[in-house]
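Just below is one structure, and these are the notes that go with it.
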Amino acid sequence: MHEKTSSVRVRFAPSPTGSLHVGGARTALYNLLFARREKGTFILRIEDTDVERSREELSAQILSAMEWLGLDYDEGPYHQSKRYDLYRAAAERLIAGGKAYRAFETPEELDTERKAAEASGRSYRYSGAGRRIPPEESERRARAGEKHVVRLAMPAEPIVVEDLIRGRIEFPADALDDFILVRSDGHPLYHFSVCVDDVDMRITHVIRGDDHLANTPKHVALFRALGSPVPRFAHLGMILGTDKKKLSKRHGAAAVEEWRDAGILPEALFNFLALLGWAPGDDREILARGEIEREFSLERVGASPSVFDPEKLLWMNAQYIAAMPGEELLERSAPYAPSAVPERETALKAIELHRTRARTTIEMGRALSVYADDPAAYDADGMKKQVKAETPGLLQRLAARYEALPAGEWTPERLEAALREVAGEAGVSAGKLIHPTRLALTGTTVGAPLFDVVALLGKETALRRIGKFLEAIAPRSPA
RNA sequence: GGCCCCAUCGUCUAGUGGUUAGGACACGGCUCUUUCAAGGCCGCGGCACGGGUUCGAGUCCCGUUGGGGCCA
């Protein structure tokens, strides 16, 4: 567990209405980072009061995505759906204290008022009629079972929010009307349950997406009505797709698990997300988690939105792959291998041969399988370009030369020398032999240095693959 | 429609009144090289616009434009 020496308490509060998006992940990450830096507590709260849209398995999905990314929380997960009593009690307290009131208008009446306002060109605002109902009457009508909502009595003064990232923001008093806290069916509404929970959980800092900024005056009014200290706010810029629109499924991989499945390492995504809106202040970009936790600060977080660039994520992932210890890289790439993985010693050597060539663990997994299974097919373009009339003859001579090579001399250097001798004797450039050989051994025209590959494959496998290739390129003999 | 937020290369960003505006991704070239990468070197490319304030604005203020959000 983490040392907690301050009273700083932050939370990440996702709605389980979809998988964890990178935007949400970044919000969670900044909360975590802030908590670590301040030696505070990071809380996870699932906002599942929207019964129609919330689903249990999505909640589990979010939890597993967070775990994978290393977004570990100190408290929770709390579920709002299990906290209805709290909201009900808070609503009653607010009514009793005159901070909120019952409103008995029917939806139809409100609709009429709205239409009238629009017709006369004014923007609609709730009349506040419920405010003027005497408490005894309100009480009596409620007890008689008359349908009503609960509304917050908004103050007449403007509300000022001191945002840690944006500075002072003033919202005019007439911009907000007495919004609904509790629906007529007794269901607490989003803004209400959020604030009641933040109070109950003693949240000191609310770090969340920009999309909640305009809701903040409501929350401030609610905290005050509840008689509780108002937390500090920090609103993060949105994460956008490459078309500058809010990142969504349309943009391709917007969910954390999609990146996991694409072979992105969690530490790379962690690093990448940390840098989407925050920078250490110097030119470092590859930062270990510990460094980020030590250096993160909200003062250095930018206010503007940022575009999620998959290209740069891929580059960063490649950096992590290049630097990761072989054993670990093997362990983490093996699950992505399309078929078998060679035995450990070979696999570790293969890792070293391919670590600068693989941007994802998927690519690394694919590279590993090449050393375990003979090619199932040969690259079509490569066949066209590299296989010439003289190719079978050359390959046969090479195979014969390799066959004769003593086991002790099966090294990249000797293998290269032997191939060059064969090419020299045949009066062709080495490339005429190198490229078809690569195709024969790996099925492709690209990859690690050929002689390292041949050496690693071993004599038996290399010769077998050349033989198979010769069969594949031999002209069909008439039956 | 009302209210609010945002604005440095295509993208992520450094920059907090005096900088040849720095770095990274991407892109182009060169190099290395059997291929593909990685690496190294070089290059392309930016302060949205208009007014102020100031001896001096990327930096401060106002407006415009453009993007975004919330409410309706």
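Just the heavy atoms: all of them, side chains too, but no hydrogens, waters or symmetry mates, feed the values below. Reminder, nothing fancy here: chain letters follow the sequence lines and each chain counts from 1.
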Nearest-nucleotide pick for [X], side chain only, options being [options]:
X        : options             : value
A:Asp211 : B:G69, B:C5, B:G22  : B:G69
A:Arg300 : B:C4, B:A14, B:U35  : B:A14
A:Lys312 : B:C4, B:C25, B:G22  : B:C25
A:Ser306 : B:C25, B:U13, B:U34 : B:U13
A:Ala214 : B:G69, B:A26, B:U34 : B:G69
A:Val307 : B:U35, B:C3, B:U11  : B:U11
A:Ala303 : B:C5, B:U34, B:C6   : B:C6
A:Phe451 : B:U35, B:G23, B:U34 : B:U34
A:Glu311 : B:C4, B:A26, B:U34  : B:A26

Check the interface with nucleotides 64-67 of chain B: list each N/O to N/O pair with the protein under 3.5 Å, or write none.
none

Value for OG1 (A:Thr49) from CG (A:Leu189), rounded to nearest 0.5 Å, stands at 8.0 Å
inquiry  = Could you check whether A:Arg151 makes a cation-pi contact with A:Tyr126, meaning its NZ or CZ is under 6.0 Å from the centre of the six-membered ring and within 45° of the ring axis?
reply    = yes
Tell me what [X] touches on the nucleic acid: a base, only sugar-phosphate, or nothing, going by heavy atoms under 4.0 Å.
X        : result
A:Arg438 : base
A:Leu450 : base
A:Gly281 : sugar-phosphate
A:Gly277 : sugar-phosphate

_Under a 3.5 Å distance rule, please check whether A:Asp178 uses its side chain to pair with a backbone N or O of A:Met154 as donor and acceptor._
yes
* Is A:Tyr30 reaching over with its side chain to a backbone N or O of A:Leu298, donor-acceptor style, under 3.5 angstrom? -> no
Residue pairs passing the ring pair (Phe, Tyr, Trp, His ring centres under 6.0 Å) test with at least one member in residues 378-400 of chain A, sequence neighbours excluded, are A:Tyr378-A:Phe469
With [atom1] as the reference atom in both, quote the distance from [N] to [M] in angstrom, rounded to an integer.
N     : M     : atom1 : value
B:G50 : B:G58 : P     : 12 Å
B:A57 : B:C62 : C1'   : 15 Å
B:A48 : B:C25 : C1'   : 23 Å
B:A72 : B:U64 : P     : 26 Å
B:C6  : B:G10 : P     : 22 Å
B:G23 : B:C60 : P     : 23 Å
B:A38 : B:A24 : P     : 15 Å
B:G40 : B:G51 : P     : 45 Å

Mind checking who [N] pairs with, Watson-Crick or G-U wobble, both distances under 3.5 Å?
N     : answer
B:U33 : none
B:G2  : B:C70
B:C27 : B:G43
B:A57 : none
B:G50 : B:C62

Side chain to side chain donor-acceptor pair (under 3.5 Å) filter on A:Arg232, not counting sequence neighbours, yields none
Close N or O pairs between protein and nucleotides 37-44 of chain B (under 3.5 Å):
from: B:A37; atom 1: O2'; to: A:Thr356; atom 2: O; distance (Å): 2.6
from: B:A37; atom 1: N3; to: A:Thr356; atom 2: OG1; distance (Å): 3.3
from: B:A38; atom 1: O4'; to: A:Thr356; atom 2: O; distance (Å): 3.2

Take atom [atom1] of [X] and atom [atom2] of [N], then tell me their distance rounded to the nearest Å.
X        : N     : atom1 : atom2 : value
A:His235 : B:C70 : NE2   : P     : 12 Å
A:Ile286 : B:C12 : CD1   : P     : 18 Å
A:Met238 : B:C4  : CE    : C1'   : 13 Å
A:Asn271 : B:U13 : CG    : P     : 13 Å

So, A:His235 and A:Asp210: side-chain donor and acceptor under 3.5 Å apart, yes or no?
no
Self-check item: A:Arg284 side-chain N/O to B:U13 phosphate OP1/OP2 under 4.0 Å
Solution: no
Query raised in the report: Does the side chain to side chain donor-acceptor pair (under 3.5 Å) test come out yes or no for A:Tyr371 and A:His354, once each step is laid out?
Result: CA-CA 12 Å; A:Tyr371 296 89; A:His354 290 273; 2.9 Å; yes
*How are the rings of A:His219 and A:Tyr190 set to each other: parallel, tilted or perpendicular (split at 30° and 60°)?*
tilted
In short, salt bridge (charged side-chain N to carboxylate O under 4.0 Å, His left out) pairs touching residues 383-394 of chain A with sequence neighbours left out are none
So the salt bridge (charged side-chain N to carboxylate O under 4.0 Å, His left out) pairs with at least one residue in residues 428-453 of chain A (sequence neighbours excluded) are none
Worksheet item: Should A:Lys312 and A:Glu285 be marked as a salt bridge (Lys or Arg N to Asp or Glu O under 4.0 Å) after you check the CA-CA gap, both sets of side-chain angles, and the distance that decides it?
Response: CA-CA 11 Å; A:Lys312 187 148 186 178; A:Glu285 294 212 274; 3.1 Å; yes
The answer to which of A:Trp278 and A:Asn215 contacts RNA chain B further toward the 5' end, by nearest nucleotide, is A:Trp278
